[in-house]
Amino acid sequence: MVKDLRGKIKHQQCLKGYTTFKVGGSATLFAEPTNPEELQGVLDYGKEQGLKIFVLGKGSNILVRDSGVEGLVVHIPRGAFSRIERSDEQVLVEAGVSLPRLIQRTAEWELKGLENLVGIPGSVGGAVAMNAGGKYGTVERWIEEVSTIGYDGALHSYTRGQVDFQYRNAGLGQKIVLGARLRLEKGSREEILHRMREVYEEKSRSQPLSAKSAGCVFKNPPGQSAGGLIDQSGLKGLKVGGAMVSRKHANFIVNWSSATAAQVLELIQRIREEVKKRFGVWLEPEIKIW
Ligand SMILES: Cc1cc2nc3c(=O)[nH]c(=O)nc-3n(C[C@H](O)[C@H](O)[C@H](O)COP(=O)(O)OP(=O)(O)OC[C@H]3O[C@@H](n4cnc5c(N)ncnc54)[C@H](O)[C@@H]3O)c2cc1C
């Protein structure tokens with residue numbers, strides 16, 4: 001039985017402002033549930049209407065096409081699903097918390113581990129779903145348990161070993177991450193803050209952190225660096241309309257001047273073709289294209 005969702009579901013909501021790329025069209029339907037009951041109601045509605053579900057966190061790894069998204073976009077709004085609790089070295093965190101906030105909070109608690117993920121934007125839900133991370137480790141390393149709600153409304157919780165964490169993918173399929181239980185290690189505040197600064201400085205030297213982008217566009221092929229291949233193909237600075245291969249980091253495409261998704265997609269295609277021609281490698285996107 002679908003609960004009363006009046007005013008909770010919007011039609012033709014433009015998604016541009018909900019992504020860090022700042023491009024793309026509208027969602028046919030858009031819902032912002034603020035608690036588990038509303039989320040359940042929204043999912044029931046989607047099921048009843050036979051709608052395709054899209055889960056939107058903080059939109060830092062998504063490219064929305066100009067034609068928009070046909071289906072129901074479920075967005076966890078700011079301030080919802082935002083609990084963080086600590087018990088010794090364990091931290092229980094809900095999906096709507098931003099990853100930078102979680103990192104800050106665990107540093108205040110003198111718990112170390114997550115400082116290695118400094119510089120990654122987005123929500124905890126997105127970080128778990130994407131197994132976000134980099135050369136200093138991925139989220140998976142600190143996870144003990146993940147709780148989810150399936151698109152069918154079923155609640156589950158999975159121990160770390162039950163989740164098929166892979167490179168930028170937790171393999172959760174048709175499930176929404178509700179939260180996670182992490183196990184961190186005791187550390188000293190000074191040591192953690194020092195490491196946070198170190199990692200942040202390294203990232204801001206090599207990545208255009210304040211530009212409109214969705215982070216690294218392509219996955220690294222096994223044993224190779226996508227950014228390195230693009231750089232060696234001489235593509236830094238290549239533009240299609242308002243989209244450009246970052247001069248700072250070749251695996252970033254930046255929206256430097258009112259880019260459209262079509263321009264970003266054309267640039268993606270050109271990069272793939274050029275890298276294929278030079279190195280015989282077909283790059284696979286890391287970003288999610290909706
Ligand atoms: C400047 C910049 C730097 C970045 N650096 C890094 C980096 O170093 N390492 C890295 O891994 N990533 C990086 N990213 C990419 C991005 O920040 C991460 O992938 C992040 O974890 C995505 O979180 P989000 O909430 O923004 O997810 P979104 O972009 O909203 O969604 C990404 C994917 O996760 C799914 N998703 C989101 N929330 C949930 C949920 N609650 N339950 C189930 N699925 C969900 C979405 O459906 C989508 O498939 C960077 C991005 C930017 C803009």
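Counting starts at 1 for both ligands and their atoms, following the listed order. Residue numbers count from 1 along this sequence.
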Quiz item: Got a salt bridge between E145 and R160, using NZ or NE/NH1/NH2 to carboxylate O under 4.0 Å?
Solution: no

Quiz item: For residues S87 and Q90, is any side-chain donor paired with an opposing acceptor at under 3.5 Å?
Solution: no

Exercise. Specify the closest pair of heavy atoms between T148 and K175, including all atoms of both residues, with the distance to one decimal.
Key: OG1-CD, 3.6 Å

Exercise. For the residue pair F165 and T138, establish whether any side-chain heavy-atom pair is separated by less than 4.5 Å.
Key: no

Quiz item: Taking all atoms of both residues into account, what is the closest heavy-atom pair of P33 and P77, and its distance?
Solution: O-CD, 3.2 Å

Could you check ligand 1 for N or O atoms lying under 3.5 Å from protein N or O atoms and list the pairs with distances?
| residue | atom | partner | partner atom | Å |
| --- | --- | --- | --- | --- |
| ligand 1 | 5 (N) | K203 | NZ | 3.4 |
| ligand 1 | 8 (O) | K203 | NZ | 2.6 |
| ligand 1 | 9 (N) | G133 | O | 2.7 |
| ligand 1 | 11 (O) | G133 | N | 2.9 |
| ligand 1 | 11 (O) | G133 | O | 3.3 |
| ligand 1 | 11 (O) | R168 | NE | 3.1 |
| ligand 1 | 17 (O) | S60 | OG | 2.8 |
| ligand 1 | 17 (O) | P121 | O | 3.1 |
| ligand 1 | 19 (O) | N61 | ND2 | 3.3 |
| ligand 1 | 21 (O) | A127 | N | 3.4 |
| ligand 1 | 25 (O) | K58 | N | 2.9 |
| ligand 1 | 25 (O) | S123 | N | 2.8 |
| ligand 1 | 25 (O) | S123 | OG | 2.6 |
| ligand 1 | 26 (O) | K58 | N | 3.4 |
| ligand 1 | 26 (O) | G59 | N | 3.2 |
| ligand 1 | 26 (O) | S60 | N | 2.8 |
| ligand 1 | 26 (O) | S60 | OG | 2.6 |
| ligand 1 | 29 (O) | S60 | N | 3.0 |
| ligand 1 | 29 (O) | N61 | N | 2.8 |
| ligand 1 | 30 (O) | G57 | N | 2.7 |
| ligand 1 | 30 (O) | K58 | N | 3.4 |
| ligand 1 | 30 (O) | G59 | N | 2.9 |
| ligand 1 | 38 (N) | G126 | N | 3.4 |
| ligand 1 | 41 (N) | V177 | O | 3.2 |
| ligand 1 | 42 (N) | V177 | N | 2.7 |
| ligand 1 | 47 (O) | V55 | O | 2.6 |

Practice problem: Check the side chains of Y136 and E202 for a donor-acceptor pair under 3.5 angstrom, ignoring hydrogens and angles. | Solution: yes

